[in-house]
Amino acid sequence: MKDRLQAWFDHRTGLETAIRKFLYEEIPASSGWHQVFGSVAAFLFMVQAFTGALLAFNFAPTPGDAYNSLRYILTEVTGGRLIRGLHHWGASMIVVVVVLHMVQVFLYGSYKKPREATWMVGVVLLLLTMAYGLTGYLLPWDNRAYWGTVVATQIAASIPLVGPYLSRLLGSVGDIGVVTFARFYGLHVLLLPPATTFLIAMHIYLVRKHGVAPTVEDETLPKKKFYPEQVFKDTVAIFVAFAILFTLAVAVRVPLERLADPTDTAYIPRPEWYFLFLFQTLKLFGGSLEVVGTVLLPTLAILALMLVPFGDRGRVTRVTQRTFAFAVVLLVGTGWAALTLAAVRGTPQPSAAAQIDFSQPTDWMQLSPVELAGIGYFRRENCQSCHTIGESKPKVGPDLANVGNRRTGAWIIEHFKHPEVMVPGSSMPAIHLSTAQLNSLTALLLKVTAQNAEAMQVAPTFAVAGAMLYQEKFCGSCHQVNGVGTKVGPGLNGVGNRRTTTWLKQHFNDPRKMSPDTIMPPYAFSPTDMDNVIGYLLTLPE
Amino acid sequence: MPPETSRRRFHLTVIYGLGAVITGALAIPAALYLLLPPRLRQKDEWIDAGDVSKMDLKTPVEVVFRKNRLDGWKLTSEKKTAWVVQQPSNTVVAFGPQCTHLGCAYHFEDDTKQFFCPCHNSVFSLDGRVVSGPAQRPLDRYETRVQNQRLLLGALKESNGTSA
């Protein structure tokens, strides 16, 4: 019955015959582990398409909303962080694997006659991979995305003759905004995927048409079948790649910076790691020579890559005898590594406020300075070593989530001072903090719920330290933050949009110099304190 | 078993085994991602719908109010309505404005003193019970609270069964 059904189906569609033909292809005896990279790259492309579609289901492709919807994916949607992690690291891995695939083909000289077209289609696929990286980089619409794309589109605009047209095409005349975003998104999800699919199909068709490139030894050896032995090797390689990808997605957090801010003058843009070598090349050519770095060299490199099969037309030799090819790979690899390393080492440490990770809840930003300072005392007194906040695994002390429903502030403060008096038999040690500090810790505890516990844990150290200093120096006597404090001095929410770090620093040192009529006294903070308090002020939401 | 066959069998097992693992590792998170409800950060808020003492609630009043709704990544302020009526027991009840049959907007008919849905002729009594028509469930109700003469409306709770 099953056989008849299968036969009926195959007679109508030819699908089974086609699959058989594809799988039982004959390949040279020398085929093996070194040829797995092409399959891995194709697999990773499918993972990108799959995770990309999933992300698109919860993504609003327009600036501002894009950022909010990505934050929604990361902080609200189950598995959202994993899916984004897979897509993010998959992009990097696909670049690595495509390059490894190319290096293997290059070393073996598999591009030789009649396989020139296969190689050239491959080069175009490499360029498409880069194009995905470039267009996808903008889509989170955080500062990193925005400023990285500003640089990239400016480079495109600087190309002689075609520059202005390219800018118009990318919608990046003047400022980057909704038009550029729509163009990049359109390219990333509508144009590039079908183009890639078509070229991959063509690439595989060409591989099949010419057969897998044989080596010298293969002339005397009998051929073998693609399935199952080579498919087995491909599958194992795919699995290893997938395991690495999955681990990266789970273990390495992909940060989201703050919402793109075109007025941020302190931001230091950097491209994705695989573009860093280009970025560094640019620095080598200044002034009127810049076009060498932006256009000439990259164009020449792509041309050279395209024309490789026509430059190396000798007969097929053993891979071990291709010393020149090895030398080229070594040279290019070293050059790439040196440029990338130089770029990494030339990257200054970003400011504390620029390092806040918005891919996690940022409820701590809504806390008053007193409450935020409480996190500092909570950490300093190691409260978490005995207490949980809404976690399931119990610890020695009671869970502190929603403690405000059970206890009053006065009770909590008294309990800090004399735990055994308030709760007979308690093993909690008395907390020796000043009254203001105890108030602060209590204010925090009254606010803690199981829902915002994570946000409390991720509050960055510099902001907490800044809030502690803010409380210590009674800044709240004159200033208001998140609705708490007085309005003698200016409110501090959104101060980062009005003032720069330098201005704030000078203002602390000598307020009169910056604003002549102020009654604010000068504050001689230590460098660390200064960084912390300014870092904290810059995080305050508008 | 000849070595050639067992080798082949090993290869096939690995191919389909690893293939299944990869498929599962992608399909399960994808299913959770699409099917599980997102974590809720916003609790339902109580909306002030007006001064009860100034409403004549012997006959149902259509109250219009604005309410914030967390729609995915967006917080939107929406116009909402409720039919507010005082029950014989003196409790104030606020019905959701949609018929429980297929979601049409119903209205109150003065002459019959009943709620009537023009789509498929469902009729509800003043306490929300189904009098006639295709509707199976009584009208949905908002959580209500009266504080200092102000009528506060909470979440819209779906009614169940046929009891009002």
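Throughout, a chain's letter reflects where its sequence line sits, starting with A, and its residues are numbered from 1. As the structure is a prediction and not an experimental result, all values here were calculated from the model.
- When heavy atoms are compared at a cutoff of 4.5 Å, A:Leu54 approaches chain B by way of both its backbone and its side chain.
- A salt bridge links A:Glu229 and B:Arg7; the closest N-O separation between the charged side-chain nitrogens and carboxylate oxygens is under 4.0 Å.
- Only the backbone of A:Phe59 comes within contact range of chain B, with at least one heavy atom under 4.5 Å from a heavy atom of that chain.
- For A:Phe239, the parts sitting under 4.5 Å from any heavy atom of chain B are the backbone and the side chain alike.
- Counting non-hydrogen atoms of other residues, nucleotides and ligands closer than 6.0 Å to CG of B:Asp71 gives a total above 12.
- Contact annotation for A:Ala60: both backbone and side-chain heavy atoms come within less than 4.5 Å of a heavy atom of chain B.
- Per-residue counts of heavy-atom pairs under 4.5 Å with chain B were compared for A:Ile238, A:Val231, A:Asn58; the largest is that of A:Asn58.
- Contact count versus chain B (heavy atoms, under 4.5 Å) is highest, among A:Asp65, A:Leu86, A:Val236, A:Thr51, for A:Asp65.
- Minimum interatomic distance between B:Trp73 and A:Ser69 (heavy atoms only, all atoms of both residues): CD2-CB, 3.3 Å.
- Contacts between B:Ile28 and chain A at a heavy-atom distance below 4.5 Å are absent for every atom of the residue.
- Between A:Phe232 and B:Phe10, the distance from one ring center to the other falls under 6.0 angstrom.
- At a 4.5 Å heavy-atom cutoff, A:Leu245 makes no contact with chain B through either its backbone or its side chain.
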